[in-house]
Structures are given as C-alpha cells and as structure tokens.
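Heads up: the structure comes next, in structure tokens.
Note that the numbering runs from 1 along the sequence shown for the chain.
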Amino acid sequence: MPLSVYQTKLPHEITQAEFHRGSNHLVLLQGNGELCCRSLVGDTKWQLELDCDPLAFSISGDGSQIAVLGNQTLLFYDLWSGQMQTIAVDEKIRLLQSHKNCVVVGGFQKTLTMLKSNGKELAKLECESLIRQFRVVPRTGQILIHGDDQTLQCCRFPAESEWMLEKMHITSELVASDDGRICYFVRYPNELIWLDLRTEEYAVIDHDFFVRQIAISAAGTELLALDSSNRLTLYDRELAPVWQEQMKQQIHHIGLSPDGDYFLTTDKDGVVNCFAVQESRRNVGEFIEIQANRRIIEKDKLWSQSPGLHRKVHELNHLTVSPSGRHIAFIGLDGAVHFLNEGGRQVFKTRFPARVENIVLSDDMNYGYIYGAGQMILIDFRQGSARYHSFEIPLWTPPLINFSKKRIYLLSTDESLRLYNFSFDLLKKITTPKSYRRAIVAEALGIILFNDRQLCGISDTGTLVFNFNLRAAPTSLRSAGSFFYGVFEDGTLVSLDVSNPGRIKSTFKKMKRPLDLISVEPLIILEAQETVQHLEPELSVVNSQPVQFEDSFFALKNDSIQEICRRRDGFFCYADDQNLIWRFKTDDFIRESVLTFSGIAFTGSESVNFIEIEPTDRQQDQFTEFIEI
C-alpha cells in the first residue's frame with residue numbers, strides 16, 4: 001500500500017470528501033453537520049458547525065466560496081471574508097453544483113435552476129425527462145445531464161442543447177475535465193466509459209470488477225477508480241493502469257486533487273487518508289511519504305486474561321488503578337479481588353465477604369485496602385498478608401487511609417473523627433463541628449475535612465492544622481504529595497502546599513465553568529469542556545489545547561497532551577495538533593477502562609485487557625506473587 005501524506009480519524013461518519021481547488025486542502029463533511037478543511041499536514045484551516053442537516057457541498061471554480069445544500073436550505077460560505085448567507089430552497093432540491101460565482105440546483109424533476117448567493121434566480125433550464133444527476137463543466141459552462149430516460153445530454157443555460165446520447169444507463173457519478181474535453185462514467189452493467197465531449201465519441205476502458213466510484217484531475221489526464229472488490233486503480237493519460245492496490249478497509253469515498261498530485265480515501269471507520277503521487281516518476285505509479293509520522297499506528301493488546309473464568313460466578317467490575325499507574329485491581333469472574341501489574345502478572349488475590357464499595361491502592365503499592373458494608377481488609381503487599389476489621393460505627397464516607405502516615409480515619413455520623421493505626425488500635429477520637437460530611441487524604445499532612453462552606457486540615461495526630469472559610473462549595477478535591485487541589489462551583493481552582501503545616505501556601509486561579517480535575521500528577525484541568533490545560537502546582541500554564549471529544553483520557557507525553565477518545569469499540573489517540581496517531585479497535589464491548597502509567601487497562605465481557613501506549617522497561621516487582629483465599 002502506498003505511504004500516506006496525511007491520515008486522521010474523524011469522530012463522525014464522512015458523507016463527502018473533496019480537494020479544495022488551488023490549495024489541495026481536504027474539505028470534509030461529517031454526518032453531524034460539521035464541515036472542516038484540513039491541510040496536507042493535518043492542520044485545521046477552518047471549521048463550520050452547520051445548523052442544517054447537510055446533503056452535499058460544492059466548491060466554486062476559483063475556490064473562494066463553498067455552497068452547502070441542506071433540507072430546504074442553501075448556505076454560502078465565503079472563505080476570504082468568513083461571511084455566511086442562507087437562503088430557502090424547495091424541499092425537492094437534492095442536487096448541487098457550483099458554476100463560477102453561482103450555483104446550479106436540481107432534484108428528481110425536469111428543471112435546473114441557477115442561483116446567486118443572495119437567492120436571486122438567474123436562469124432556468126427545462127429538460128424533457130426527470131433529472132437523475134448533472135455535472136457543470138467549470139470553464140465552458142456546459143451542463144451534462146443524465147435523465148431518467150437513460151439519455152446523456154449536453155446543454156447550456158438557458159435552453160441550448162448541444163447533443164444527446166441515448167441508451168446511457170449510468171450507474172456512477174459523472175466526472176468531466178475542467179476544459180470540457182472529456183468525461184468519464186460507468187454504464188450498466190460494468191463499462192467504464194471515456195467520452196470525448198467535442199466529438200461525442202466514446203470508448204470502454206477494460207476493468208475486471210464492477211466500478212463503484214471514479215475521480216479525475218482537473219485536466220482529465222489522471223483517473224482513479226474504486227471497484228466492487230475494494231481495489232483502487234490509478235490510470236495515466238493513456239488510460240493505462242499504472243498502480244493498483246487491494247485496500248484492507250472498506251472504502252466509502254475517493255477523490256483526486258485538481259493537479260493530479262494527490263488522492264484521498266475515506267473508509268467505514270471515518271479514517272481519511274491522503275496519498276501523494278511522485279512527480280518525477282509518475283508513469284510507474286510510485287508514491288512518496290512526505291511525513292511518516294502522520295501514519296496511524298494500529299495498537300494491539302499487550303495481554304488479555306480471564307481470571308476465574310473456569311468458576312464464573314460474577315461479572316468483571318470495579319476496575320481500579322494505583323496512583324502511580326503501575327498496578328490495577330478488579331473483581332474477577334470468580335468473585336475474588338485480583339491485583340495485577342502492568343505486565344499482567346498477578347501480585348495478590350483475595351476474597352471479600354461483602355459487596356465491594358472501594359478498592360484503594362497506595363502510590364508505592366506497599367499497601368491497599370478493600371471496603372464495603374462496614375467491613376475492611378487492609379493489605380500489606382510486601383508481606384503478602386491481609387488484616388480484616390469490621391466497623392460497627394455508621395460512617396459518612398468510606399474509611400480514609402493515609403498510607404504515608406499509616407493512619408486510618410473514620411468520619412462517623414455522631415460528628416466524630418476517629419484515628420486508628422494499621423493494627424486497628426484507636427489512637428484518638430475528636431469532635432468534628434461544622435457538619436463535616438466529606439474528606440480526602442493529604443499524604444503530607446493527614447486528611448482534609450470539608451463541607452459546602454468550610455475546609456480544615458487534620459494531622460496524623462488528630463491536631464487541627466488549618467481552617468478556611470469558602471466562598472463557594474467545592475465540586476472536586478484531590479491531593480498529590482504535599483499539594484492539595486480544589487475546584488469550586490464558581491470556577492475557582494485552588495492549590496495548597498501543605499508541606500509545612502505551620503505555613504500553608506495557597507494559590508487561586510479563576511477559570512471558565514464547568515471545571516474538572518483530570519489528574520493531579522501531572523496537574524491536568526479540563527476547562528468549560530473546551531480546553532485541556534497542563535498546569536504547574538502553583539497553577540501557571542505549561543500547555544493548553546482544545547478538546548475534541550466528550551469522553552476522553554488525557555496523557556502527557558513529552559510535554560504535550562494526547563487526547564485518547566474512549567468509545568465502546570476502541571480507543572483513538574490524537575496528538576496536540578489534533579491528528580490521529582494511533583487507534584485500537586475491538587469487537588468486544590468495553591465496559592470499564594483506566595489510564596495507567598504506560599497504557600490503558602480495560603474490561604470486556606469476560607476478560608481484562610491491556611494495550612501499551614508506549615514501551616517501558618519494567619523492573620521486576622519487589623514482591624513475589626501472593627494468593628490469599
């Protein structure tokens with residue numbers, strides 16, 4: 001297969017794809033009504049969100065205007081001024097072609113109408129039969145019309161007919177050279193026709209399979225054909241095939257640039273490919289790769305397991321990742337809780353006597369715990385041991401464990417905070433005023449309690465370290481090392497450095513709402529569902545870029561943010577320039593997924609799987625495998 005100049009994955013089905021005249025940019029129309037223009041290196045030149053349901057678009061001969069036909073709507077977009085005009089058209093209008101600074105519209109009727117962008121009607125052309133399709137020849141103004149009576153007619157506005165050919169059962173799109181010399185189409189049952197528009201002579205081009213689509217250059221000297229076997233064939237000016245390729249993905253659309261130097265394909269997965277034809281050796285059909293890094297990498301599973309499949313009593317769920325991203329935990333098909341490293345090796349396994357509510361792992365994977373229905377198992381992964389404890393106290397939140405300080409905190413409904421060590425010995429009980437209902441662990445301090453209007457820090461000895469009044473209710477609170485981050489309803493982002501409890505350092509930053517904390521190591525913020533930002537702990541911006549999708553992972557690689565779109569059938573990773581760089585597709589339904597240090601772990605119907613984003617040199621775990629039943 002020829003190497004690609006540009007390749008990207010669009011989130012929605014591509015309904016039309018063409019090259020822009022003069023610039024060789026790709027103009028792409030998606031099923032969601034989005035029209036965008038991409039350069040040959042993948043940069044987005046412009047993008048339109050259309051209010052109508054678009055049927056087709058057409059680019060003017062000088063490339064300055066794009067017309068978009070919708071249901072009872074016709075839009076004109078001026079590329080130079082950025083202005084848009086909209087006019088109403090008859091609901092029967094389904095065909096659109098540009099003609100100089102005007103458009104010609106029609107449908108399955110006997111009339112073609114020429115319109116200006118302000119809606120003014122310039123001329124009408126009446127035909128004897130219903131019109132199936134038509135093509136405007138840019139330079140000559142000829143109109144090629146394929147009628148329902150199986151005729152091919154060449155006309156000019158307003159009513160001049162130059163010639164007509166009968167018995168032309170055309171099954172493809174009509175394509176013609178800009179100068180009006182030649183035209184190509186497919187005639188039933190499977191004849192690829194070359195037609196001289198000046199002499200009305202035509203010839204049949206040999207082709208093995210049924211031709212589905214054809215495209216030509218502006219001069220008509222290059223022809224690209226897609227047949228029913230999903231094979232692409234490129235013909236030279238002598239109509240000899242110079243290159244053929246059996247495409248793996250089902251191709252939906254093809255296009256050839258006006259100068260014949262590039263061609264494009266779109267497939268069933270919404271992937272757009274652009275290829276370059278080598279000028280110096282065009283006659284042998286060789287292809288050059290201008291930017292190798294634009295090719296999409298197809299990811300595969302690094303490993304896949306089905307823990308407990310032989311004694312299945314449970315569904316795979318509760319997929320959890322450690323803060324370092326190097327280990328995962330989940331409830332297996334056998335109902336046991338499994339702990340694995342990124343390489344897929346099991347490091348611990350245990351059972352829990354109640355419904356699991358929380359699985360939490362320490363950053364260094366020395367400890368972890370499972371909690372549910374007032375019961376807890378505290379795990380020491382280094383020793384391969386676990387300690388069970390049952391709490392008879394009603395709690396506002398699940399137990400909070402500070403692994404660094406080796407403290408367990410219970411925030412109970414009797415307005416008390418209890419501190420335990422890892423042997424479950426009660427160390428201290430303190431009263432918690434102000435109706436605190438929520439808390440998070442701050443490893444360098446102890447824990448932080450909060451409600452809608454107040455926030456306080458409690459040390460590992462139970463001492464009140466600080467107390468703040470809040471202007472707005474917190475929506476998200478997270479901690480990482482000595483830093484604590486908070487997002488509030490008014491769009492304020494707060495960073496607290498609690499490394500020195502006697503001197504808390506705070507930084508505030510006002511941002512657009514809604515505001516989401518994606519991760520805290522590194523600190524990544526999603527602002528207004530539009531922009532993702534990488535920030536320093538003191539909230540200065542390191543990197544920022546627009547967001548493309550609603551449900552994504554964000555990974556920081558080499559100081560740039562990669563957006564990984566999550567879908568039920570796979571993952572699609574985009575670089576900071578919004579180009580697709582790799583993808584993973586699966587036939588299984590993806591149930592849960594987590595971003596790890598070097599990849600993505602996800603569960604299917606009966607398996608837990610891992611794909612590697614980038615290779616890493618994994619060191620041997622400091623502990624061996626432990627299994628506790």
Side-chain angles (χ1 to χ4, degrees), residues 2 16-27 56-61 63 96-99 133-146 152 154 165 168 170-187 190-207 209-227 231-245 247 251-266 273-279 282-283 285 287:
Q16 187 178 346
E18 291 186 14
F19 283 97
H20 180 268
R21 292 177 174 272
S23 64
N24 280 338
H25 293 161
L26 284 70
V27 182
F57 70 85
S58 183
I59 305 171
S60 62
L96 170 70
Q97 287 280 298
S98 290
H99 179 45
Q133 65 168 309
F134 69 95
R135 170 68 63 177
V136 177
V137 180
R139 295 182 190 172
T140 65
Q142 295 167 295
I143 313 292
L144 302 176
I145 302 173
H146 177 222
L152 178 61
C154 181
L165 297 176
M168 289 293 174
I170 298 174
T171 59
S172 73
E173 185 180 14
L174 285 167
V175 293
S177 61
D178 284 4
D179 57 7
R181 292 184 304 105
I182 50 178
C183 169
Y184 295 89
F185 55 89
V186 178
R187 185 173 67 176
N190 184 31
E191 294 180 335
L192 180 54
I193 301 293
W194 167 87
L195 171 65
D196 190 324
L197 297 178
R198 296 165 299 183
T199 64
E200 304 170 35
E201 296 178 351
Y202 64 91
V204 178
I205 305 171
D206 291 333
H207 207 278
F209 296 88
F210 181 81
V211 178
R212 292 167 44 210
Q213 292 186 43
I214 52 177
I216 65 170
S217 61
T221 52
E222 290 83 15
L223 170 68
L224 184 68
L226 174 68
D227 63 32
R231 182 181 61 182
L232 273 178
T233 304
L234 181 67
Y235 296 87
D236 62 13
R237 63 181 66 245
E238 304 300 329
L239 298 181
V242 294
W243 170 80
Q244 286 183 335
E245 182 69 31
M247 310 300 286
I251 302 300
H252 280 193
H253 302 281
I254 62 173
L256 197 59
S257 65
D259 56 16
D261 293 339
Y262 303 92
F263 68 86
L264 67 84
T265 66
T266 71
N273 287 279
C274 178
F275 303 97
V277 182
Q278 190 169 336
E279 279 287 334
R282 173 79 60 81
N283 60 328
F287 293 82

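For the pair Glu222 and Ser217, the tightest heavy-atom approach, listed with the atom from each and the gap, is OE1-OG, 2.7 Å. Summarising the geometry of His99 relative to Gly141, their closest heavy-atom pair is CE1-CA, 3.5 Å, with the distance given to 0.1 Å. Heavy atoms only, all atoms of each residue included: Arg198 and Gly180 are closest at CG-O, 4.3 Å. The minimum heavy-atom distance linking Gly255 with Phe19 is given by the pair O-CE1, 3.6 Å. Here the closest non-hydrogen pair linking Ser177 and Ile216 is N-CD1, 3.6 Å. Contact detail for Phe134 and Ile143: the closest heavy-atom pair is CD1-CG2, 4.2 Å.
In the displayed structure, Tyr202 atom OH is contacted under 6.0 Å by at most 12 heavy atoms of other residues, nucleotides or ligands.
Partners of Gln133 by side-chain contact (heavy atoms from CB on, under 4.5 Å), not counting sequence neighbours, listed by chain and number: His146, Ile170, Glu173, Leu174.
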Leu197/Leu144 under side-chain contact (heavy atoms from CB on, under 4.5 Å): CA gap, chis, key distance, verdict
CA-CA 10 Å; Leu197 297 178; Leu144 302 176; 4.0 Å; yes

Criterion side-chain contact (heavy atoms from CB on, under 4.5 Å) on Trp194 and Ile182, from CA distance to verdict:
CA-CA 7 Å; Trp194 167 87; Ile182 50 178; 3.3 Å; yes

Carefully, step by step, assess Arg187 and Leu152 under the rule side-chain contact (heavy atoms from CB on, under 4.5 Å).
CA-CA 11 Å; Arg187 185 173 67 176; Leu152 178 61; over 6 Å; no

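Here the straight-line distance linking atom CG of Leu195 with atom CE of Met168 works out to 6.5 Å at 0.5 Å rounding. The line from CD of Glu201 to CG of Asp196 is 6.5 Å long, rounded to the nearest 0.5 Å. For the atom pair CD1 (Ile254) and CG (Leu224), the distance works out to 4.0 Å, reported to the nearest 0.5 Å. Taking CG of Asp227 as the start and CD1 of Ile214 as the end, the distance is 12.5 Å to the nearest 0.5 Å. Interatomic distance, CG of Leu26 versus CG of Asn273, reported as 10.0 Å (0.5 Å rounding). Atom CD of Gln97 is separated from atom CD1 of Ile59 by 11.0 Å, given to the nearest 0.5 angstrom.
Under the 6.0 Å cut-off for aromatic ring centres, Phe275 and Trp243 do not qualify, their centroids lying 6.0 Å or more apart.
At least one side-chain heavy atom of Phe210 sits under 4.5 Å from a side-chain heavy atom of Thr171. Two residues are said to be in side-chain contact when any heavy atoms from C-beta on lie closer than 4.5 Å; Ser172 and Tyr184 fail this criterion. The side-chain heavy atoms of Leu226 and Thr265, taken from C-beta on, include no pair separated by under 4.5 Å. Within the 4.5 Å cutoff, side-chain heavy atoms of Asn190 are placed close to those of Val211.
No donor-acceptor pair under 3.5 Å is formed between the side chain of His20 and the backbone N or O of Val27. Between the side chain of Arg135 and the backbone N or O of Cys183 there is no donor-acceptor pair closer than 3.5 Å. The backbone N or O of Asn24 lies less than 3.5 Å from no partner atom in the side chain of Ser257, so there is not a single donor-acceptor pair. Put simply, the side chain of Arg181 gets close to the backbone of Ala219: a donor and an acceptor are under 3.5 Å apart. Put simply, the side chain of Ser58 gets close to the backbone of Ser98: a donor and an acceptor are under 3.5 Å apart. In this structure a side-chain-to-backbone donor-acceptor pair under 3.5 Å is present from Gln16 to Phe57.
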